[in-house]
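A quick note: this is a predicted structure, and the numbers were derived from the prediction, not measured. Residue numbers begin at 1 in each chain, while the letters A, B, ... track the order of the sequences.
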Amino acid sequence: AMDTDLSSQDRKDLDKFIKFFALKTVQVIVQARLGEKICTRSSSSPTGSDWFNLAIKDIPEVTHEAKKALAGQLPAVGRSMCVEISLKTSEGDSMELEIWCLEMNEKCDKEIKVSYTVYNRLSLLLKSLLAITRVTPAYRLSRKQGHEYVILYRIYFGEVQLSGLGEGFQTVRVGTVGTPVGTITLSCAYRINLAFMSTRQFERTPPIMGIIIDHFVDRPYPSSSPMHPCNYRAGEDNGAVYPSVEDSQEVCTTSFSTSPPSQCVFTVTKAHFQTPPPVVTDTLKVPVMGLAFSHQLSSSRLSYQPAALGVGSADMGYPVLFAGGLNAAHPHQLIGPGKEGGVPPIPSQPAHGTQADQERMCTPLDGVHYSAATPSSSEDTETVSNSSDGKCGSPHDLLETIFIRKVGAFVNKPINQVTMANLDIPFAMFAPKNVELEDNDPMVNPPDSPETESPLQGSLHSEGSSGSSTGNTHDDFVMIDFKPAFSKDDILPMDLGTFYREFQNPPQLSSLSIDIGAQSMAEDLDSLPEKLAVHEKNVKEFDAFVETLQ
Amino acid sequence: STRRRVPPGAAPAMNCRAEVLEVSVEGRQVEEAMLAVLHTVLLHRSTGKFHYKKEGTYSIGTVGTQDVDCDFIDFAYVRVSSEELDRALRKAVGEFKDALRSSGNDGMGQISLEFYQKKKSRWPFSDECIPWELWTIKVNVVNLANEQERQICREKVGEKLCEKIINIVEVMNRHEYLPKMPTQSEVDNVFDTSLKDVQPYLYKISYQITDSLGTSVTTTMRRLIKDTLAL
């Protein structure tokens with residue numbers, strides 16, 4: 001599929017979204033099989049570390065395993081990411097319960113806005129995954145694990161292998177999200193023949209603790225990756241310490257815009273960094289603790305393993321947390337993740353990292369504004385940032401580089417393109433001045449009619465009402481005959497029409513003006529308790545009145 | 001005659017997609033079953049709090065989630081971590097359950113969750129509420145004779161609810177009409193911004209009880225009047 005239509009910025013964003021979506025998918029699935037109830041808190045202020053605006057914790061070992069399996073790749077056609085959930089008894093018998101598949105097919109949606117629609121739909125898909133992981137049979141089994149059996153997970157990347165699920169397995173689709181490079185689909189195939197795994201058949205044995213599953217001798221696929229217990233606490237004594245890789249600190253908060261149609265603002269904000277977490281990469285032989293790989297946090301924002309992913313973060317000379325899709329009219333304002341300000345202290349001798357990397361850590365300018373006339377501003381920002389050097393190590397406050405550009409209309413035609421004078425109605429000069437054009441009016445834009453029949457019982461309204469919403473509803477206009485009632489053509493004056501238009505602009509009611517309004521509102525509020533009491537007393541009468549209406 | 005350019009669909013009424021779910025439950029399962037469905041829908045129809053900044057950009061807060069175990073059904077579901085939202089749903093479901101109970105043993109009723117947008121109208125017309133999605137759960141309350149039946153009912157209703165969750169997710173996945181993301185001045189016409197930690201789309205819950213004669217008594221009317229008087 002040609003993706004020349006996708007800007008390089010969009011492509012980078014999309015790859016990043018898909019990568020983090022894959023990681024979060026694994027987290028949700030594995031956490032749903034831990035055997036415990038999961039609880040995360042909502043936060044009204046964006047913390048800058050919650051991908052897809054959802055509070056999903058990152059278990060370090062799980063992220064590590066997922067990244068190992070992905071090895072820098074992204075799901076693509078024929079290369080699916082699979083999370084296999086299986087059960088292992090205390091006697092050593094094991095059985096595959098589910099395979100969760102994150103796949104990509106070739107069906108592209110070129111029109112969709114990456115930084116906005118795709119992102120939000122991925123968020124919705126994660127919510128669906130949260131819901132669906134609780135309704136497959138393995139959930140209830142996993143809640144009871146510990147004594148007779150444990151639940152294990154295994155992540156692999158490549159072709160989906162369903163043969164271990166037994167005969168007659170069922171599939172549930174969690175959802176799909178179309179993107180310009182393909183359609184992401186998330187589904188689960190699960191075993192239904194669980195009869196002999198009923199927990200009542202097991203005798204009580206001592207709890208299985210400390211099981212480290214390295215491999216299964218009877219696995220048909222010798223190259224398969226090792227299994228891991230979902231209840232990760234069982235593996236505490238295996239010696240490997242997984243530093244808390246908080247991937248979520250890498251990029252994530254996005255800002256969305258309901259920009260005015262003629263202009264969109266793209267704000268690039270340098271991050272507030274906390275002390276960066278130690279980072280484990282595949283290129284390092286030992287876990288690196290305590291080193292500030294700032295270059296990972298700054299310039300390599302867009303990929304965890306820049307080379308492998310091919311998401312040219314090396315090109316990004318400036319510490320952009322997240323670059324929004326610029327050809328969408330939804331620019332992004334980046335918000336630093338941390339509560340503490342400042343750049344992390346850069347060690348004088350990092351174990352890895354080059355001189356060039358160190359330079360990239362430097363902050364570009366303070367508060368310089370650039371106007372980019374063309375959409376391709378990444379080059380501009382590069383020159384901007386490369387021009388600075390030598391400021392490494394000093395903390396910086398939030399700084400902003402603002403690009404102001406003109407882009408196409410937000411979703412609809414800009415207001416100034418359609419003026420009342422263009423509307424072919426008589427007495428246009430009497431029309432309300434601040435008309436809310438119907439194409440800006442969300443109430444008027446008809447939603448697309450559903451193409452498929454609802455699996456549930458009947459859409460009562462969606463059939464039969466006007467479904468004339470094919471294509472771009474904002475560009476297609478239809479002509480309808482507009483005949484004001486009781487009017488005659490070409491005879492002046494049209495009394496009713498004139499009256500109608502004039503009365504659409506009445507003078508403001510004095511009681512609505514602020515001064516008087518505030519006064520009377522205070523009085524109203526004071527009298528409310530009395531009124532309420534009276535009304536409550538008369539509830540029976542009102543109820544009776546209502547009955548008469550039945 | 002005058003001809004006026006209007007976008008297609010402007011004249012006829014806006015589409016409101018409607019989904020109907022049916023469950024048969026024991027009396028003591030009504031609340032949990034309703035909450036499971038309503039919370040699952042609202043999980044998909046709530047976002048983090050919007051914070052508008054200059055130039056029309058906004059950022060979105062974070063939605064937390066938590067598992068809920070049912071006591072009377074072999075079932076668990078995920079809901080948004082918001083005590084305010086949970087309280088609001090429990091209140092509505094509690095009233096529904098009470099109404100069902102007081103209507104007699106053959107309780108039948110339905111509870112509806114409607115998502116709507118507000119449209120400001122010019123004087124002298126008052127604001128319109130235009131629904132864009134309507135979920136209706138039809139409930140049939142059954143009475144069971146003994147403990148064995150109750151145990152089976154626990155499992156069966158649990159399985160049924162699993163199916164309902166899958167159905168809901170199917171609908172959500174169609175990515176059909178959602179209100180446009182609003183500007184700051186419009187946000188209260190699209191979202192309920194009154195909660196402190198999450199932001200669901202504007203919604204209202206109503207219910208109907210069908211008594212044994214098949215007539216339906218709408219309690220929405222009564223509540224509407226009460227609410228109006230309470231300002």
Side-chain angles (χ1 to χ4, degrees), chain A residues 37-46 50 53-55 124 127-128 130-132 134-135 172 175 255-259 265 333 335 425 438-439 442-444 446-447 450 455-462 465-466 468-469 473 476-483 489 504 506 532 535 542-543 546, chain B residues 1-10 12-13 15-21 40 43-44 48-49 55-67 76-78 81-82 117 119 122-123 130 162 165-167 169-170 172-173 175-177 179-181 183 196-198 221-222 225 229-230:
Chain A
K37 285 165 69 166
I38 304 297
C39 180
T40 59
R41 296 185 55 182
S42 301
S43 160
S44 87
S45 322
D50 295 319
N53 308 119
L54 285 173
L124 197 70
K127 291 174 178 173
S128 294
L130 282 162
I132 296 287
R134 274 64 177 174
V135 304
V172 60
S255 225
F256 300 89
S257 168
T258 53
S259 60
V265 174
Q333 180 185 5
I335 300 187
I425 52 170
E438 283 172 332
D439 58 353
M443 310 312 293
V444 168
L456 310 172
Q457 188 181 342
S459 293
L460 300 176
H461 306 300
S462 57
S465 33
S466 133
S468 55
S469 53
T473 59
D476 295 335
F477 285 81
V478 300
M479 305 301 288
I480 64 168
D481 287 337
F482 182 64
K483 291 194 169 120
D489 295 338
Q504 280 191 328
L532 262 178
H535 292 140
F542 290 123
D543 286 349
V546 169
Chain B
S1 66
T2 56
R3 289 177 67 79
R4 180 174 180 173
R5 292 178 75 229
V6 292
N15 290 341
C16 168
R17 92 182 138 262
E19 307 293 345
V20 180
L21 307 165
T40 300
L43 168 68
H44 290 81
K49 297 280 293 178
E55 308 272 7
T57 61
Y58 61 95
S59 58
I60 306 183
T62 300
V63 172
T65 57
Q66 56 188 246
D67 279 308
Y77 61 94
V78 175
S81 287
S82 164
Q117 279 174 281
K119 183 178 179 196
R122 271 169 237 111
W123 177 86
I130 303 189
C162 288
I165 302 305
I166 293 175
N167 290 342
V169 163
E170 259 177 326
M172 298 299 180
N173 179 54
H175 301 304
E176 289 173 336
Y177 173 76
K180 255 193 336 228
M181 284 301 140
T183 57
K196 68 175 179 8
D197 45 15
V198 295
M221 243 343 239
R222 186 193 333 182
I225 294 176
L229 295 174

Which one of B:Ile166, B:Ile165, B:Thr65, B:Val198 has the most heavy-atom pairs closer than 4.5 Å to chain A?
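Among the listed options, the one with the most contacts to chain A is B:Thr65.
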Select, from B:Met172, B:His175, B:Lys49, the one with the greatest count of heavy-atom pairs under 4.5 Å involving chain A.
B:His175
Donor-acceptor contact present, side-chain B:Asp67 to main-chain A:Ile38, <3.5 Å
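It does hold such a pair.
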When you compare the side chains of A:Ser42 and B:Asp197, does any donor N or O come within less than 3.5 Å of an acceptor on the partner?
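Absent: no donor and acceptor within the cut-off.
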Side-chain touch B:Glu176/B:Arg17, heavy atoms, less than 4.5 angstrom
yes
Answer yes or no: is there a side-chain heavy-atom contact under 4.5 Å between A:Ile132 and B:Val169?
yes
Top contributor to chain B contacts, counting heavy-atom pairs under 4.5 Å, from A:Ala55, A:Gly175, A:Ser44:
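Most heavy-atom pairs under 4.5 Å with chain B: A:Ser44.
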